[in-house]
Structures are given as structure tokens and as C-alpha cells.
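So the structure is just underneath, and the comments pick up after that.
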Number of protein chains: 2
Amino acid sequence: MGKASNTGVRPTIRMVAELAGVSTATVSYVLSGRRGDAGPGVSDPTAEKVKAVAERLGYRPNQAARAIRTGRTNTVILSLTMLSDPWSLSVIEAVQKAAAPLGITPMILGDADWVKVLGTHSADAVFVDAVRPGQRDALRKLAEHGTTLVVFDEGLEPEGFDVIRSIAGPGCRMAVQHLLHGHRRIACLTPATAGGASGGTRYRAYSEALMEAGIPENEDYVGLFDGTSAGAYAATTRLLSLPDRPTAIYATTDFAAVAAINAAQRIGLAAGVDVDIIGVGNTVEGERMSPSLSTVGPVDFFGKLARLLLQRATSPTTPDAKSEPAVLDFPWHLFVRESAPHRSSATRLY
Amino acid sequence: MGKASNTGVRPTIRMVAELAGVSTATVSYVLSGRRGDAGPGVSDPTAEKVKAVAERLGYRPNQAARAIRTGRTNTVILSLTMLSDPWSLSVIEAVQKAAAPLGITPMILGDADWVKVLGTHSADAVFVDAVRPGQRDALRKLAEHGTTLVVFDEGLEPEGFDVIRSIAGPGCRMAVQHLLHGHRRIACLTPATAGGASGGTRYRAYSEALMEAGIPENEDYVGLFDGTSAGAYAATTRLLSLPDRPTAIYATTDFAAVAAINAAQRIGLAAGVDVDIIGVGNTVEGERMSPSLSTVGPVDFFGKLARLLLQRATSPTTPDAKSEPAVLDFPWHLFVRESAPHRSSATRLY
DNA sequence: CTGTTAGCGCGTTCAC
DNA sequence: GTGAACGCGCTAACAG
């Protein structure tokens with residue numbers, strides 16, 4: 001049966017070489033498709049024979065052995081703390097798309113304990129999405145010892161690694177201020193876990209913006225939910241059933257805003273007409289839905305992140321000319337779409 | 001500054017050996033804590049000195065080099081197609097918990113294209129959560145050439161790899177039949193993408209069970225939603241607002257059932273009293289909520305999966321005595337909890 | 001009992 | 001197109 005030679009052992013380059021009647025060097029050149037400097041240097045018939053044997057044996061170069069020699073693993077590691085968060089999925093998607101054409105495989109580390117793992121395992125570049133205070137030292141040390149790092153953290157200085165920042169505060173203020181152009185009764189939809197009424201940058205932007213506008217706080221207008229989409233839906237239903245119902249909702253995440261639009265629709269209130277709804281984060285779902293979601297957020301965040309990471313992964317690990325570790329600071333924009341259009345004195349809802 | 005010697009290069013075992021004034025063998029023995037056979041053959045002072053130098057240099061053994069020698073990567077790969085699915089998160093969580101004490105790192109592969117990746121990258125064991133028909137050959141070849149595989153797939157025979165099965169059909173029937181003991185007006189809550197009214201094992205169980213019970217199909221009772229939690233919430237609200245509203249809901253996933261309970265509660269219908277709700281999957285969330293969710297599903301699925309995977313990862317890669325590749329077939333159970341209690345002729349809702 | 005020597009196992013790559 | 005050194009950590013066999 002056309003099938004042959006499988007001892008259950010992984011074939012090595014030497015087995016291929018022997019069966020093809022050539023040297024290991026030749027096999028290596030044929031399969032990796034490169035030759036020191038000069039032209040092809042390997043004849044077509046030989047190349048064909050080698051390829052055939054390799055295929056028959058099911059030979060695959062051993063990445064570990066290759067890494068030891070070249071110092072490159074063709075791998076990037078993504079350390080993601082909240083794998084269930086759509087944010088993480090967007091990171092993964094963007095990096096995968098950018099990595100595929102380069103032959104680089106993204107490996108995801110779901111554990112928050114990247115310190116231990118990165119101590120032993122290495123990759124061409126590593127993205128870390130959260131750094132606890134106690135981990136800052138470890139981070140610096142890793143960078144010192146040759147690990148290429150890209151870190152997402154507000155308020156961390158680059159010390160041998162890149163820092164990506166995305167300051168939410170001002171952007172969130174823009175969102176609330178946008179609503180203030182046409183509304184006075186503005187509710188806030190925010191997960192109870194994220195600090196809610198107490199802390200949380202995104203909530204604080206709401207309460208501060210209202211205060212500045214001279215609007216008194218109204219506890220009824222703070223819709224806390226459990227972090228799930230269904231919870232946001234239910235909380236919105238409650239808000240819009242209030243006797244003096246809000247005419248606008250500021251949701252601290254896009255996915256909550258999406259649920260809010262659905263909930264409003266269900267009650268018979270059209271988003272962008274009867275009630276304005278704005279989100280935070282500028283995720284793709286909001287752009288695609290109907291009515292499209294007004295939101296604030298960085299522009300092309302994930303794409304830029306992925307490009308930086310892969311640029312770092314592919315550029316030779318020059319500890320010397322390290323193309324200066326940089327801070328990538330993302331400016332936030334306001335995206336005025338259908339769910340919360342521009343309002344003026346003529347169209348305001350109060 | 002206590003700090004020293006960081007050329008930005010990763011320190012090797014030889015650097016440590018030189019600075020500590022010992023041989024690389026000694027360093028290796030000290031840091032790996034093992035010695036051929038006899039007791040600890042390294043004196044305390046030497047060990048201390050080596051450890052000190054290693055620490056100062058930030059030395060970490062190079063996993064690639066270690067792997068090439070030992071054949072073990074201390075890594076398992078989880079190839080997960082639907083990373084956003086709670087099911088995947090449960091797999092990750094269970095494997096992480098089981099792997100940590102063994103010093104094994106789970107690496108997640110978010111891409112569906114495990115064939116290409118596994119061709120080059122290797123791990124002590126690999127879990128694959130979905131096999132497309134065209135990938136079956138590749139699977140067999142990988143197993144032949146020494147990759148330790150655990151595959152989740154209904155209807156695939158083990159050929160050098162383990163197969164985990166979890167036949168949903170009969171279990172789902174049990175769920176619907178449980179409802180049939182006390183109900184006639186039974187709705188089905190199912191994502192439109194999963195085949196909905198057309199295909200889908202879980203939906204088919206519903207329509208077949210009803211047919212057998214002599215209950216005519218009622219299109220109004222099929223609550224299709226978009227796959228999101230908010231969508232399930234909205235669909236439930238619609239179902240329970242029907243003039244002849246259903247007294248029971250069969251949800252094809254636990255998370256949809258959870259959303260349904262919340263939606264019912266919101267309308268003033270108590271789950272398990274006014275309306276019975278049952279899910280599918282036996283996820284942990286359902287067990288913890290109040291009222292607790294009745295459901296069907298395998299018992300300790302993720303725990304058993306994790307244990308099998310790690311057992312395969314740690315047991316020496318003996319292609320010969322491969323402890324027979326097995327089929328792990330998960331029997332489904334009915335978990336009668338509060339949201340859909342036992343009903344008899346005395347307590348039935350019709 | 002303590003520590004060293006030397007060679008292994010990979011794929012890569014320079015010099016011939 | 002080949003030979004052989006190389007980079008890494010591990011470990012059997014040996015020397016003091």
C-alpha cells in the first residue's frame with residue numbers, strides 16, 4: 001500500500017539523507033529552499049528525489065533543533081489574561097492574520113503566570129496584556145536577557161521592551177460630552193465588577209463629565225450589570241422602563257452597548273431616534289450592526305499592535321541596535337454613527 | 001548597583017559554569033536537581049555558588065536545547081477552533097489546573113489550521129477539538145510519526161491516537177423527555193447558526209422526541225437567536241410573551257438556558273415554578289446559579305479530558321507499548337435541579 | 001563522595 | 001554537492 005517505513009519514530013534529516021543517497025546538508029538546503037549566497041546550487045533531479053523521500057517518510061524539520069541553531073522559533077507568544085474577553089479574541093485574530101504570511105505561529109498563553117513560562121520557553125516576540133506591580137521586575141529582567149517584549153500597560157515606562165498604551169479617560173469623556181450636546185437625562189451602563197460606581201476610568205469619565213455640565217447625579221441612571229451580555233440587556237430594559245426614562249445611554253463597553261440597542265429595540269424604542277446609545281472600545285461588531293454603533297476608541301488598535309509585534313519578531317534580535325524600544329500611544333477618536341447621531345439645539349431630546 | 005553583566009544576550013550554561021568556576025555538568029546537576037542514580041552528588045557550598053551565579057545572570061535553561069536532548073518539551077498544545085466558546089475556556093482551565101503541578105505549560109492554538117503547525121512544532125501531547133474530513137489523513141500521519149494526539153470527534157476511530165467522544169443525541173432526548181413528563185407546550189431555544197430548524201443533533205432530538213410523543217410541531221415555539229447571550233434573552237422574552245405561551249423551554253446550550261432563566265425572571269415567571277427550563281452541556285455556571293439549572297451532559301468531562309491528555313504527555317513516548325490508544329466515550333446524564341424539577345401527573349403544568 | 005570529560009542529538013551553514 | 005563544525009543542555013562514564 002504505497003505507505004512505507006513508519007516506526008512510530010519521528011524521521012530525522014539523516015534518515016532522509018541516507019534514503020535519498022545525499023548528505024544532510026543537501027537535504028537541509030532543498031527543504032529550506034535557501035543556499036548560502038550563490039545561485040540554486042542544487043540540481044533539479046536531486047531536489048525532486050529529496051522532496052519525494054521526505055514526503056514519503058513524513059519528515060518535518062524539528063523546530064527545537066532549528067531554533068537552537070538559528071535562534072529563531074518562528075513563534076510569537078500571546079499572554080492573555082482574560083481569554084473570554086472579546087478584546088483578547090481581537091488580539092488573537094489580528095496577530096494570526098499578520099503572522100500567517102510570515103510563517104510565524106502565534107501561541108496563546110491563557111495563564112496569567114507568564115513570568116514562570118517565559119523563564120524557560122522562548123519565542124521571537126512576546127505580547128503581554130497585563131502586568132501586575134509585582135511582575136515589573138521580572139519584566140525588566142526578561143528584557144535584559146534577550147526576550148523581545150511588547151507590553152500593554154498604561155503607565156509603564158519602556159525599559160528594553162515596547163509599551164503599548166491606550167489611555168481611555170479622555171476618550172470616554174468625549175463620548176459623554178457627545179451625548180451632552182443633545183441630552184440631560186443620560187444613563188450609564190457599566191459592569192459591577194469593573195469598579196462601577198466606585199472606581200473605573202470609564203465610569204469616572206461619566207460622573208465627572210456630568211458634574212462639569214452641572215447635572216446632578218442620579219443613582220437610578222446607573223445601570224450595573226453582571227458583565228454578561230444578557231445582564232446588560234436586562235439592565236437596559238430596567239433603565240428604559242423608569243418613569244423619567246433616560247434619553248441617552250453611555251455604555252462602558254461596546255458589547256454592552258450592543259445589548260442595550262437590542263433591548264431598546266425590543267421595547268419599541270429606536271436607537272438613534274428615541275434613545276441615543278454610545279459605546280466604548282470601537283470594536284468591529286458595533287460597526288457592522290444596524291443601526292451602527294456610535295463609539296469611542298483607538299483607530300486600528302489591533303492591527304497596529306500586531307504589526308509592531310511581528311516587526312519585533314522578525315527583525316534580528318539585535319540587542320545593540322534595538323531600534324529603540326518605543327511607546328505606542330493610541331489616540332482615541334469619536335466615531336459618530338447611527339445609534340447616537342449629531343444633535344444640535346434643533347434636534348436635542350430635552 | 002547589585003546588577004551585573006547583561007549584554008542583552010541570553011546566558012548559557014557555559015557562562016554560568018565559567019563564572020562559578022565549575023564545569024557545565026555540575027551546573028546542570030545543580031539546577032535540575034538530579035543525579036544519575038546515587039544520592040545528591042554535589043556539595044552544598046558548590047551548589048550555593050552555582051545557584052547564586054545563575055540567579056545573578058538570570059540564567060534559564062534553553063527549552064529548545066533541552067527538548068532536543070530529552071525529547072520532551074514540557075508543553076502540551078491545545079488546538080481550539082472556537083476560542084470564544086465557553087467550552088474552550090473550560091478545556092483550557094481544566095488542562096491548566098492539571099498541568100501546573102507537573103511543570104507542563106499548555107499552549108493554545110487559536111487557529112483552526114493545526115495541520116500546518118503540528119507539522120513543525122511539537123509538544124508532549126496535543127489536543128485537537130475538531131477534525132474536518134480532509135484532515136483525517138494528516139491526523140493519521142502525525143500519529144504514525146510520533147505525535148501524541150488526543151482528538152475530540154464523534155465518529156472517528158482511533159488509529160494511533162486517542163479519541164474522545166461525547167454523543168449528544170441520546171442525552172438531549174433525555175432532556176426533552178424529562179420535560180414531557182409535565183408539559184405539552186415545550187419550546188426550543190437554539191442558535192440559528194447551529195442548524196436551527198434544519199439540522200443539528202441537539203435540535204433534532206427536540207423535534208423527534210415531540211413527534212414520538214404525538215405532539216405536533218409548532219413553529220412559534222422554536223426560538224432562534226443569534227448565538228449571543230443577549231439574543232437568547234430576547235428570544236426567550238418573545239417566547240414567553242406568546243398568547244399560548246410554552247410552559248417549558250428546552251435550550252440547546254446551558255448558556256442560552258441561563259439567559260432564558262434571567263429573561264423569565266424579568267417577566268415575573270419563576271423558573272422551575274411557572275416555567276421549566278432545561279439546558280444542555282452540564283457547565284459549571286448552571287450548577288452555581290439560583291435557581292440551579294437542570295441540564296444534561298457528561299460527567300466531569302473536562303477533568304477526565306485533562307487527565308488523559310497529561311497522562312499521555314508524561315508517559316514516555318513508547319511507540320511500542322503505547323498503552324493502547326483508547327476511545328473515551330462519555331455517557332450523558334440527566335441532572336435534575338431547580339429550574340426543571342421532577343413532575344408527575346399531580347404537578348404537571350397542563 | 002565530588003566533580004569533570006566527552007559525546008549525544010538536531011538542523012544549519014561555512015569552506016571546500 | 002559534501003564534510004564537519006557549531007550551538008545548546010543533558011548525562012554516562014570516568015578521575016580524583
Original post:
Is the shortest distance from a Lys or Arg side-chain nitrogen in A/Asp44 or A/Lys49 to a carboxylate oxygen in the other one below 4.0 Å?
Top reply: no
Original post:
Does anything in residues 78-95 of chain A pair up under side chain to side chain donor-acceptor pair (under 3.5 Å), and if so which pairs, sequence neighbours excluded?
Top reply: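 Of all non-adjacent pairs touching residues 78-95 of chain A, those that pass side chain to side chain donor-acceptor pair (under 3.5 Å) are A/Thr81-A/Asp129.
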Subject >> side-chain N/O B/Thr70 vs D/dC10 OP1/OP2, d < 4.0 Å >> reply: no
Original post:
Quick one: is C/dG11 close enough that its OP1 or OP2 comes under 4.0 Å of any side-chain N or O from A/Ser32?
Top reply: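 No, no such contact exists.
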In whole angstroms, how far is the [atom2] atom of [N] from the [atom1] atom of [X]?
X	N	atom1	atom2	value
A/Gln63	C/dT12	CD	C1'	13 Å
B/Arg72	C/dC10	CZ	C1'	18 Å
B/Glu18	D/dC8	CD	P	13 Å
B/Asn62	C/dG11	CG	P	16 Å
B/Lys49	C/dG3	NZ	C1'	12 Å
A/Leu31	C/dC10	CG	C1'	14 Å
A/Leu57	C/dG11	CG	C1'	16 Å
B/Arg10	D/dG7	CZ	P	17 Å

Original post:
Taking only residues two or more places apart in sequence, or in another chain, which ones meet A/Ala47 in a side chain to side chain contact (heavy atoms under 4.5 Å, CB included)?
Top reply: A/Val30
Quick one: side-chain hydrogen bond (donor to acceptor under 3.5 Å, both in side chains) partners of [X], sequence neighbours excluded?
X	value
A/Arg132	none
A/Ser166	A/Trp332
B/Ser122	none

Original post:
With A/Tyr59, which residues qualify under ring pair (Phe, Tyr, Trp, His ring centres under 6.0 Å), at least two apart?
Top reply: none
Set of residues satisfying salt bridge (charged side-chain N to carboxylate O under 4.0 Å, His left out) with respect to [X], sequence neighbours excluded:
X	result
A/Lys141	B/Glu55
B/Lys304	none
A/Lys116	A/Asp113

Original post:
How large an angle, rounded to 10°, do the end axes of the helix from C/dC1-D/dG16 to C/dC16-D/dG1 enclose when each is built from five base pairs?
Top reply: 50°
Original post:
For B/Val22, which contact category applies under a 4.0 Å heavy-atom criterion: base, sugar-phosphate, or nothing?
Top reply: sugar-phosphate
Can you check nucleotides 5-9 of chain C for protein contacts, nitrogen or oxygen pairs under 3.5 Å, and list what you find?
unit_1 : atom_1 : unit_2  : atom_2 : d
C/dG7  : N2     : B/Arg69 : NH2    : 3.4
C/dC8  : O2     : B/Arg69 : NE     : 2.5
C/dC8  : O2     : B/Arg69 : NH1    : 3.4
C/dC8  : O2     : B/Arg69 : NH2    : 3.3

Report, one pair per line, the protein and nucleotides 14-16 of chain D atoms (nitrogen or oxygen only) whose separation is under 3.5 Å.
none

Original post:
Under 6.0 Å between the ring centres of B/Phe161 and B/Phe127?
Top reply: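 Between B/Phe161 and B/Phe127, the centre distance exceeds or equals 6.0 Å.
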